[in-house]
Visitor: 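Could you have a look at this structure, given as C-alpha cells, before my questions?
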2 protein chains.
Amino acid sequence: MQGLDDNDLKILELLQRDGRATHAAVGKAVGLSAPSVYARIQRLEKSGVIRGYAAQLDPAGVGRGLAAFVRVTTRAITASEEQDEFERFVLAEPLILECHDVDGEDSYILKVRAATLESLRDLLARIRGIAAVSRTVTSIGMVTIKEEGVAPLPANGPGASRGKRS
Amino acid sequence: MQGLDDNDLKILELLQRDGRATHAAVGKAVGLSAPSVYARIQRLEKSGVIRGYAAQLDPAGVGRGLAAFVRVTTRAITASEEQDEFERFVLAEPLILECHDVDGEDSYILKVRAATLESLRDLLARIRGIAAVSRTVTSIGMVTIKEEGVAPLPANGPGASRGKRS
DNA sequence: GTTGAAAAGACAGGTAG
DNA sequence: CTACCTGTCTTTTCAAC
C-alpha cells in the first residue's frame with residue numbers, strides 16, 4: 001500500500017506544516033496544477049497516509065499549561081483483561097494525550113497535559129488505582145523546547161528510510 | 001489576554017478534531033452563523049490560542065514507524081552555552097519531534113520518530129556526543145495506544161481550569 | 001451577531017499527452 | 001494512466017446593518 005514519489009512527500013510536508021494550504025499554493029510549490037494536487041491528496045487520504053487535519057492549540061491558552069510524562073510499570077503477572085482495563089482508562093481519559101507501550105524497564109509512557117498540579121495529582125491517584133499498575137514515575141515539564149507532528153524526512157539523511165543500496 | 005467563552009471552547013474542540021471543518025458546519029454545532037464563527041477563529045488565531053493547522057500523518061506511512069522516548073541527563077555543572085548547544089541540536093534535528101525540559105531525575109525527555117533502529121542508534125550516538133549530555137536512557141515504542149493533540153477540557157471535570165463564576 | 005454579496009477555492013467533468 | 005483545463009458549486013471573506 002505504498003508508493004510515494006517525491007511530489008507526494010513534498011505535498012505531505014507542506015500539509016503537515018500548513019493543513020489549510022490551498023491546492024493551488026501546494027501545486028505552485030511542487031510544480032503541479034491544483035486539480036492534480038487535489039487528486040494526490042485524495043489518494044493520500046484514502047490510503048491512510050493522511051489521517052486527518054487538526055488545529056494546533058496553545059496548551060496554556062486552553063488552560064492546560066502543565067505538561068507531564070508518566071512512566072507506568074505494570075505487575076509482572078498481569079492478566080490480559082487487566083491490561084485492557086488500563087488501556088480503556090487511558091483512551092477515555094482526556095488528560096492523557098499519548099500512551100505508548102514501550103519495552104525496557106517501563107511498560108507504558110504517558111504524555112499528560114493538565115490544568116493544575118492538583119488535577120495531575122488526582123490523575124496519578126486514579127492511575128495507581130488500576131489493578132494492573134504497580135508503579136508510576138512522573139516528570140513535570142518545565143519548558144517545552146520543541147513539539148511538532150510527524151513529517152516526511154527531508155532527504156537521504158541519517159534517518160531516511162530511502163536510499164537503501166543493494 | 002484571555003476570555004474564552006463556551007462558544008470559543010466548543011469551536012476550538014471542533015477545530016482540534018477536524019481542522020478543515022467549514023465555518024458553516026462549526027456554526028451549526030455551536031448555534032452561530034458562519035461569519036460569526038469566522039470572526040471568532042480570526043480572533044483565536046491572532047491571540048495565539050490557535051497556533052496553526054496541520055495534516056496528521058501516519059508515521060509508518062511516511063517511513064517513520066519506529067517511536068522512541070529518550071531521557072537525557074545533563075552534567076551537573078553545565079554552562080549555559082552548552083545547554084544552548086543541546087537545544088539548538090534538538091531544534092535542528094528532524095528525527096526529534098518533541099523535547100521537554102523536565103524536573104526530577106532527568107533533564108530532558110525527547111520523543112523521537114525514526115525510520116529504522118539503525119537511524120535511531122545513529123541519533124543516540126550524536127546526542128551523546130554533545131558536551132552537555134552525560135547519559136541517555138531510551139525506551140522503544142512497541143504500540144501506540146493513543147496519540148492526539150491538546151484540546152480544551154470538556155467540562156468542569158477533575159482537570160478543568162475553569163469554574164470561576166462571575 | 002446577522003444577513004447578503006463578491007472573491008476565492010474546491011471539486012467534477014472532459015480532453016490531451 | 002496521469003496531468004491539465006474549464007465550468008460549477010461551495011466556502012471563505014468582507015461589507016452593511
Visitor: In this structure, how many angstroms lie between the P atom of C/dC11 and the CD1 atom of A/Ile41, rounded?
Guide: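 After rounding, the reported distance stands at 9 Å.
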Visitor: Is a donor on one side and an acceptor on the other found under 3.5 Å between the side chain of B/Ser36 and the backbone of B/Leu32?
Guide: no
Visitor: Think B/His23 has a side-chain N or O under 4.0 angstrom from the OP1 or OP2 of D/dT11?
Guide: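 Negative; the distance criterion is not met.
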Visitor: Which nucleotide in the list C/dG1, D/dT13, D/dT12 gets nearest to the side chain of B/Ser36?
Guide: C/dG1
Visitor: Rounded to the nearest angstrom, tell me the gap between atom CG in A/Asn7 and atom P in D/dT2.
Guide: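 One finds 13 Å between P of D/dT2 and CG of A/Asn7, rounded.
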Visitor: Between B/His100 and B/Tyr108, is the ring centre distance below 6.0 Å?
Guide: no
Visitor: Check the distance between D/dT12's P and B/Ile11's CD1 and give it to me in whole angstrom.
Guide: 13 Å
Visitor: Counting the atoms with a prime plus P, OP1 and OP2 as sugar-phosphate, which does B/Arg40 contact under 4.0 Å by heavy atoms, base, sugar-phosphate, or nothing?
Guide: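 Here B/Arg40 touches the backbone only, sparing every base.
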Visitor: Find the distance A/Arg20:CZ to C/dA8:C1' and express it as a whole number of Å.
Guide: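 These atoms are roughly 14 Å apart.
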Visitor: Does the side chain of A/Tyr38 get closer than 4.0 angstrom to OP1 or OP2 of C/dA12 through an N or O atom?
Guide: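 Indeed, a polar side-chain atom of A/Tyr38 lies that close.
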Visitor: Checking A/Arg71 against A/Thr136: is there a side-chain donor and acceptor pair closer than 3.5 Å?
Guide: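 The criterion, which ignores hydrogens and geometry beyond distance, is not satisfied for A/Arg71 and A/Thr136.
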Visitor: Measure CG/B/Leu15 against C1'/D/dT11 and give the value in whole Å, please.
Guide: 14 Å
Visitor: Which of these nucleotides, D/dT13, C/dG1, D/dT11, is closest to any side-chain atom of B/Thr22?
Guide: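 Selected nucleotide: D/dT11.
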Visitor: Is it the case that more than 12 heavy atoms not belonging to A/Arg121 sit under 6.0 Å from its CZ atom?
Guide: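 Open.
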Visitor: Between B/Lys28 (NZ) and C/dT2 (P), how many Å, whole number?
Guide: 15 Å
Visitor: Starting at CD of A/Glu45 and ending at P of C/dA10, how long is that distance when rounded to a whole Å?
Guide: 12 Å
Visitor: Measure from CG on A/Leu32 to P on C/dG17 and round the result to the nearest Å.
Guide: 18 Å
